[in-house]
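Shown next, in structure tokens, is the structure this report addresses.
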Amino acid sequence: MSRAADGVGFYERFFKGETFLSPGRTSVYSGKAYLRGMGIDDPALFAGRRVLEIGAGRGRVTLQLEEHGMLASTTEYVVVEPTSAIDRIAEALPPGRATLVRSPLEGLRERLQPASFDTILCLGVMPHLDESLRRSFEAVAHFLRPGGAVMVNAFFNGDRLRLSQELRRYTVGHPARTSAAALGQTLLQKASYGLHFGAPRLWYHRHFPFSFQKSFRGIFDQCREYFGVPNYDISLSYEDYIEAMASAGLGLAELYPTSLSLKAVKGAATCRLGGIRPGATVAVVGRDWRGRAMARRLGLREASLKATPEEAVGHDQVVIAYDYTRGPSYIDAVSVLVDHGYRLGETVFIHQMLGPSKA
């Protein structure tokens with residue numbers, strides 16, 4: 001059995017209960033701001049267009065888009081999900097609102113026509129696919145019309161998470177080890193954020209994905225997914241994604257303030273993510289452990305640290321790098337700077353955008 005098939009089996013079991021992936025279970029993954037942070041609140045992606053959503057899970061995003069009228073505006077909305085969770089989506093949607101296809105990505109060529117969709121949503125999907133990132137984007141691009149858009153969202157916190165990625169080698173396929181590792185990470189997160197200084201949090205973020213769940217059980221469930229599902233590579237950076245998309249004929253068109261979220265267009269020229277320019281005046285929004293770590297990395301002095309995005313206005317480039325678990329959403333901080341003429345990925349960055357590329 002392939003790792004992809006093992007992954008389907010994992011989620012077949014995982015989706016049977018109520019978890020953080022269930023629709024409406026957490027405000028972190030719901031609401032218009034959540035859609036805006038991934039760029040999928042734009043009606044132009046849906047109105048009069050044929051849309052394909054790959055890997056819908058329990059329908060967390062699907063049902064939010066339905067609530068905001070996006071599905072009703074399409075000419076056809078096709079939902080693809082390889083597990084029986086697709087039946088739960090069918091029960092929750094109005095009759096006839098969407099075409100439902102139960103299939104993994106590799107089985108879609110037998111079910112769907114090539115170059116037949118205007119918009120494709122791949123939200124939280126790419127890290128779970130069995131193929132390399134390049135081959136996965138090639139498989140997705142097969143169904144996209146020239147000029148069509150792929151909307152991508154995948155977790156990346158700016159670090160390689162080496163310790164937890166190494167631990168996954170010993171937990172995947174072993175339920176008892178998975179639960180033990182999930183419990184350990186849950187306790188580590190609670191302990192790291194219960195202390196009043198930043199060094200433990202910095203270490204935690206370098207090695208483990210942070211869970212925004214509020215309850216102990218919610219954090220544990222998210223950690224259990226991380227240590228249990230076979231394919232879950234969340235160590236890939238923006239540059240890794242941009243290079244893989246380019247190899248599939250997809251050019252970067254737009255970046256969004258939830259890491260890692262972007263739009264790629266089929267046939268568009270390949271753009272590169274900007275970086276800190278030599279000689280530019282740079283401000284870091286974040287006067288905490290995260291901001292100080294970024295300033296050290298960029299070789300900046302203490303004076304470059306700003307408490308709010310408004311204080312950073314006037315600098316050539318700005319990096320948003322505060323502890324987002326305790327401050328306002330990065331979406332809001334970026335919006336302030338965009339209103340002052342900054343452009344995400346060129347003159348303003350969330351710190352994850354400056355993360356390492358895969359060696």
Side-chain angles (χ1 to χ4, degrees), residues 35-55 61 65 70 73-78 80 105 108-109 112-127 129 131-156 236-275 277 317 331 334-335 337-338 341-350 352-355 357-358:
L35 301 181
R36 178 163 57 94
M38 299 186 291
I40 58 172
D41 64 329
D42 183 1
L45 293 169
F46 302 91
R49 298 170 76 87
R50 194 161 184 256
V51 180
L52 172 65
E53 182 184 355
I54 298 175
V61 172
L65 292 172
M70 302 299 194
S73 72
T74 66
T75 57
E76 184 181 17
Y77 193 91
V78 179
V80 173
L105 177 60
L108 287 183
R109 291 198 178 212
L112 302 175
Q113 293 296 312
S116 59
F117 290 93
D118 303 292
T119 301
I120 298 179
L121 308 182
C122 294
L123 309 175
V125 171
M126 304 309 283
L129 298 179
E131 298 285 354
S132 67
L133 197 58
R134 178 180 62 82
R135 289 187 179 275
S136 295
F137 274 116
E138 289 172 351
V140 170
H142 174 78
F143 301 103
L144 193 64
R145 290 173 178 157
V150 178
M151 307 300 293
V152 177
N153 167 259
F155 179 89
F156 178 61
L236 298 172
S237 71
Y238 280 82
E239 289 297 339
D240 297 323
Y241 272 78
I242 292 167
E243 289 176 9
M245 292 187 307
S247 70
L250 301 168
L252 175 66
E254 195 73 41
L255 292 159
Y256 304 100
T258 295
S259 179
L260 178 158
S261 298
L262 49 82
K263 178 202 288 186
V265 173
K266 189 172 186 177
T270 299
C271 299
R272 311 305 303 178
L273 181 63
R277 300 191 301 267
Q317 294 182 295
I331 300 171
V334 169
S335 294
L337 290 161
V338 168
Y342 289 84
R343 182 169 174 78
L344 188 61
E346 294 181 8
T347 52
V348 60
F349 307 88
I350 58 174
Q352 296 96 324
M353 291 177 178
L354 303 180
S357 61
K358 194 170 182 66

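Values reported hereafter were calculated over all heavy atoms of this structure, with side chains retained and with hydrogens, waters and symmetry mates removed.
The structure places CD1 of I350 at 9.5 Å from CD1 of I331, a figure rounded to the nearest 0.5 Å.
For Q317 (side chain) and R277 (main-chain N/O), a donor-acceptor pair under 3.5 Å exists by modelled atom type. With hydrogens and angles disregarded, a donor-acceptor distance shorter than 3.5 Å links the side chain of T75 to the backbone of R49. A distance-only check finds a donor-acceptor pair linking the side chain of S259 to the backbone of F156 [under 3.5 Å]. Side chain of S261 to main chain of Y256: no donor-acceptor pair is present (N/O by atom type, distance under 3.5 Å, no hydrogens or angles). One N or O on the side chain of K266 and one on the backbone of A141 form a donor-acceptor pair closer than 3.5 Å. With hydrogens and angles ignored, the 3.5 Å screen pairs a side-chain donor or acceptor of D118 with a backbone N or O of R50.
Side chain to side chain, E53 and Y77 meet the donor-acceptor criterion of an N or O pair below 3.5 Å. For the 3.5 Å distance criterion, the side chains of R134 and S247 fail to qualify, holding no donor opposite an acceptor.
Taking 4.5 Å as the limit, some side-chain heavy atom of L250 sits within range of a side-chain heavy atom of L144. A heavy-atom distance below 4.5 Å is found between the side chains of P257 and L344. The shortest side-chain heavy-atom distance between E131 and L105 does not fall under the 4.5 Å cut-off. In this structure, M126 and L236 have side chains that are not in contact, with every pair of non-hydrogen atoms separated by 4.5 Å or more. Between V51 and L65, every side-chain heavy-atom pair lies at or beyond the 4.5 Å cut-off.
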